[in-house]
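Data block below; observations after.
Below, each value reflects all heavy atoms present in this structure, side chains not excepted, and no hydrogens, waters or symmetry copies. It should be emphasised that the depicted structure is a prediction, and the values quoted were computed from it without experimental measurement. Here is how names work: the chains are called A, B, and so on, in the same order as the sequence lines, proteins then strands, and each is numbered from 1.
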2 protein chains.
Amino acid sequence: MQETKRDEIVRSAFSTFYQKGFLATPVDAVLADTGISKRTLYKYFRTKEELVEAAVTYYRHAALASIADEIERRADDPRGRILAMFDIKSEAIAAGDFSGCFAINARLEYDGKEPGIEAACDGFFEDLETVITGLCAEGGAADPAALARQIVVLLEGAIVYGRFRRDPTVALAAREAARALLDRDFKATHSPNEA
Amino acid sequence: MQETKRDEIVRSAFSTFYQKGFLATPVDAVLADTGISKRTLYKYFRTKEELVEAAVTYYRHAALASIADEIERRADDPRGRILAMFDIKSEAIAAGDFSGCFAINARLEYDGKEPGIEAACDGFFEDLETVITGLCAEGGAADPAALARQIVVLLEGAIVYGRFRRDPTVALAAREAARALLDRDFKATHSPNEA
DNA sequence: TTGTATGTAAACTGATCGGTTTACATCGCT
DNA sequence: AGCGATGTAAACCGATCAGTTTACATACAA
């Protein structure tokens, strides 16, 4: 199925909001970036917030697919794949144009104001925890969900804090911490690692 | 030295911004909460952003003093004091009115737009790392700064993620992770004393 | 060919908001 | 008493912005 006009708008709006924030970005900026008219935008979305919600849902699926893809390319055991997530973020921070986690950003700007947007962000968080829980189970952790939660805190912490410190080594420090937790919880048998 | 009018405005503005956010809060909301006139506000601050910057600086000193105070009350060894930070955040999340880290919030909303505000946030982050580095050194860590950085990532991650999940156990999971790191790096002698 | 759906361009509306200005009250000081 | 500093109250200005409406172009199916 080819991309519809609506999809095109959402994808473009996502990158505009990602770079410039939500409240600080007028709808006109989205229009300018997409080359679309205001009339068309409001044909597909009743309000700006509805567009933001769609952008978060787009991020939920696109970012998770991209992460799954990338960590599979970088490592072939669950341990290496979890650690690869931190490498990816470290590299993004080093690249200089990193704007953090779209869901965290949206959640913060609309906190307590837009239930639909909050729910979309929650969906992303749940999917992320599910993916990491799966990897932890695969690695033989006794309590995969509990370990996954610790990994997620480290990952999101590295994203937010590393971004604001503008320091890629923050994500590497988080990676080391994650490694210590994996060493503690994963079954002793892990193939040669490191990257 | 008694509190000046300026101090009063900053303190009140801090709690208004903390509860309602920055961009989403009109200056009039701050005035209403303080009972001050617009004229007076603009006598002490040239712009809204200058007021926000002052609020972040206020947070920098007030929050760190409050943390130092509270962890000293809760434990008397560096290990216990570091872990107490997570307990405090877990309790705040459980209380239900928790709005996260003021510096993270400000940094995110004004990212790339207000250098003065960004610098004030950086000041808070540096002070926080300094405090935790001190505790790590006191605990006998081989590389106190590196360990502190990991603790800070866990702490800020727990604050942001736990807040958005509305789940106090997130901070407790982070606490467990921190404990694992302390077990690894602190000098083996961890009897619950020392000051 | 004609009608309908889809699109752009742009003017417009109404509300919000940051910041200024005017007018007036109060208090402390000499 | 009188004066300057400090304060409130409130009208005001100009810009911004979400969302609507009008006008017009294009494509395509009956």
Sorted by chain and residue number, the side-chain hydrogen bond (donor to acceptor under 3.5 Å, both in side chains) partners of B/Glu156 (sequence neighbours excluded) come out as none
B/Leu23 atom CG is separated from C/dG18 atom C1', nearest whole Å, by 13 Å
Carboxylate-amine/guanidinium proximity below 4.0 Å for B/Arg184 and A/Asp183: no
Rounded to whole Å, CG of B/Leu31 lies from P of C/dT20 at a distance of 13 Å
The correct set of residues in residues 11-21 of chain A placing a heavy atom under 4.0 Å from DNA chain C is none
What contact category does A/Thr34 fall into here, base, sugar-phosphate, or nothing, at under 4.0 angstrom with non-hydrogen atoms?
nothing
Here the ring pair (Phe, Tyr, Trp, His ring centres under 6.0 Å) pairs for residues 144-166 of chain B, sequence neighbours left out, are A/Phe125-B/Tyr161
Residues at least two apart in sequence or cross-chain that pass side-chain contact (heavy atoms from CB on, under 4.5 Å) with A/Ala148, listed by chain then number, are A/Ile132, A/Thr133, A/Cys136
>> Assess whether a salt bridge exists between B/Arg60 and B/Asp127, defined as any Lys/Arg side-chain N lying under 4.0 Å from an Asp/Glu carboxylate O.
In response: yes
With a 4.0 Å cut-off (strictly under) to non-hydrogen atoms of chain A, the first and last hit nts on DNA chain D, 5' to 3', are D/dC17 to D/dA23
Residues at least two apart in sequence or cross-chain that pass salt bridge (Lys or Arg N to Asp or Glu O under 4.0 Å) with B/Asp143, listed by chain then number, are none
Self-check item: Enclosure of B/Arg73 CZ (heavy-atom neighbours >12, cutoff 6.0 Å)
Solution: yes
Under a 4.0 Å heavy-atom cutoff, the residues of residues 35-49 of chain A touching DNA chain C are A/Gly35, A/Ile36, A/Ser37, A/Arg39, A/Thr40, A/Lys43, A/Tyr44
Across all chains, not counting sequence neighbours, the side-chain contact (heavy atoms from CB on, under 4.5 Å) partners of B/Ala106 are B/Phe22, B/Val56, B/Ile117, B/Cys121
Residue pairs meeting ring pair (Phe, Tyr, Trp, His ring centres under 6.0 Å), one or both in residues 75-94 of chain A, sequence neighbours left out, come to none
Sequence neighbours excluded, the answer for side-chain contact (heavy atoms from CB on, under 4.5 Å) partners of A/Arg166 is B/Arg107, B/Glu118
What residues 105-119 of chain B contributes to the DNA chain D interface at heavy-atom separation below 4.0 Å is none
By side-chain contact (heavy atoms from CB on, under 4.5 Å), B/Glu72 pairs with (sequence neighbours left out) B/Arg81
*Answer yes when A/Glu109 and A/Lys48 have at least one side-chain N-carboxylate O distance shorter than 4.0 Å, and no when they do not.*
no
| query | With a 4.0 Å cut-off, would you call A/Arg79 and A/Asp185 a salt bridge? | reply | no
